[in-house]
Each structure stands twice: as C-alpha cells, then as structure tokens.
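Everything on this sheet refers to the single structure shown next.
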Amino acid sequence: MKNKIFTVIAVIVMVAVYAFNNPKVDFKADNKEGIQFHKGSWNEALALAKKENKLIFLDIYAIWCGPCKKLKKNTFSDERVGEFYNSNFINVALDGEQAEGLMLANKYHLTGYPSLLFIDSDGNVVVQSGGYQNSNEFIALGKSILKQ
C-alpha cells in the first residue's frame, strides 16, 4: 500500500514539474512587441521578399519542441528582436509537421527543430542555424547574415 501511495505521489510530482517547465505556447499568436510573422502562403512570402528586396527568416518548429517554445516565448517576443527582424526580414514561422511547413522541412532536408533558415527570394538557403538562441545571440545572427 505504501508503494502505491509513493508511486502516485511521484507521478503527480513528475507531471507538475513537466507542466511547469513546458508551458503551453500558442505558435500562431503574434506578440505585439516582437517579431511579426507573415500570415500568407510561402509563395506570397517569396514574392514579398523579392518586392522588398529582403531575405526571408524562416522558423520551422514543432509544437512539442521545448527549445521552439522557449524561442517563441523569450526571443521572438523581445521588442529589440522584433524591431530588428521586422525591419530587415520577411519573417515566416511554420509547423514542420504540417502542410507547407512539412513540405519545406522536406525540401530543405531538416533533421531537427527549431530550424532557423535565412532564404533569398528565389528560395535558396543563405544560412541555416538551429536550436535555442537568446535575444542578443539572435540579433547578432541576423546582423552577421545582413553583412554577407
């Protein structure tokens, strides 16, 4: 009986710790201060990049991915990141396991999430990065790409 009680308590604690460390993140919602992601199709993003003579920043994420959630919650919502990326790139975020996101994940041979790609208006990858980056690292990455 004591073993069953201990097991139940242990499971409850593990679920609580998991829930605390993995908050629910709405990947479709934009943060007003941070990066504003393009709402149209991939082809529309390519056309807009060509029209505005900008690179596309493409975030391919998975809804179960912890580092993806941290990027969305901490980095992409940062006001400084938003100011920099909104003025210098066409920003696109897609679920790599659905629809256009899955198609692009296959096209660019992605093997993990988050995948952070900088793509020209012809659809060619200029730079590919991945994993969690804090705001300063992410801005530095964007600046280094613009210098190329």
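Along the sequence shown, residues are numbered consecutively beginning with 1. FYI, side chains are in, hydrogens and waters are out, and symmetry mates aren't considered; it's all heavy atoms of this structure. For clarity, every value in this text was computed on a predicted model and none was experimentally measured.
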From CA spacing to verdict: side chain to side chain contact (heavy atoms under 4.5 Å, CB included), Thr75, Lys70:
CA-CA 7 Å; Thr75 305; Lys70 278 184 72 174; over 6 Å; no

Side-chain donor-acceptor contacts of residues 138-148 below 3.5 Å, not counting sequence neighbours, with atom names and distances?
residue : atom : partner : partner atom : Å
Ser144  : OG   : Leu141  : O            : 2.8

Residues which pass ring-ring contact (aromatic ring centres under 6.0 Å, His included) with Phe84, listed by chain and number, not counting sequence neighbours:
none

Residue pairs involving residues 80-89 (criterion side-chain hydrogen bond (donor to acceptor under 3.5 Å, both in side chains); sequence neighbours excluded)
Arg80-Asn136, Asn86-Asn91

Grab the two heavy atoms, one from Gln133 and one from Ser129, that are nearest each other, plus how far apart they are.
NE2-OG, 3.1 Å

Could you check Ile90, Val92, Leu116 and say which one makes a side chain to side chain contact (heavy atoms under 4.5 Å, CB included) with Phe57?
Leu116

Taking only residues two or more places apart in sequence, or in another chain, which ones meet Ser121 in a side-chain hydrogen bond (donor to acceptor under 3.5 Å, both in side chains)?
none

Flag the pair Leu94 / Leu58 as yes when at least one side-chain heavy-atom distance between them is below 4.5 Å, and no otherwise.
yes

Search all heavy atoms of Gly96 against all heavy atoms of Tyr113 and return the closest pair with its distance.
O-OH, 3.3 Å

Using side-chain heavy atoms (C-beta onward) and a distance below 4.5 Å, is Tyr61 in contact with Asp95?
yes

4.5 Å side-chain heavy-atom contact, Lys69 and Trp64
no

Quick one: closest heavy-atom pair of Pro114 and Leu71, and the distance?
CG-CD1, 3.4 Å

I'd like to check the side-chain contact (heavy atoms from CB on, under 4.5 Å) partners of Leu110; sequence neighbours left out, ordered by chain and number.
Ile60, Ala105, Tyr108, Ser115, Leu117, Gln128

Do Ile119 and Val126 have side-chain heavy atoms sitting under 4.5 Å apart?
no

Is there a side-chain contact between Asn74 and Asn134, using heavy atoms and a 4.5 Å cut-off?
no

Quick one: list whatever passes side-chain contact (heavy atoms from CB on, under 4.5 Å) with Asn53, sequence neighbours left out.
none

Give me each pair satisfying salt bridge (Lys or Arg N to Asp or Glu O under 4.0 Å) with a member in residues 107-133, each pair once, sequence neighbours excluded.
Lys50-Asp122

Enter the distance from Ser41:OG to Leu46:CG here, rounded to the nearest 0.5 Å.
8.5 Å

Taking the side chain from Glu100 and the backbone from Trp42, do they hold a donor-acceptor pair closer than 3.5 Å?
yes

Can you name the residues that form a salt bridge (charged side-chain N to carboxylate O under 4.0 Å, His left out) with Glu44, not counting sequence neighbours?
none

Heavy-atom closest pair (Glu97 atom, Leu102 atom, distance to 0.1 Å) is C-CB, 4.0 Å

Could you tell me which residues satisfy side-chain hydrogen bond (donor to acceptor under 3.5 Å, both in side chains) with Glu52, sequence neighbours excluded, listed by chain and number?
Lys54

Is Tyr132 linked to Val127 within one hydrophobic cluster, defined over Ile, Leu, Val, Met, Phe, Trp and Tyr using a side-chain heavy-atom separation of less than 4.5 Å?
yes

Hey, could you give me each pair passing salt bridge (Lys or Arg N to Asp or Glu O under 4.0 Å) that has a residue in residues 125-140? Not counting sequence neighbours.
none

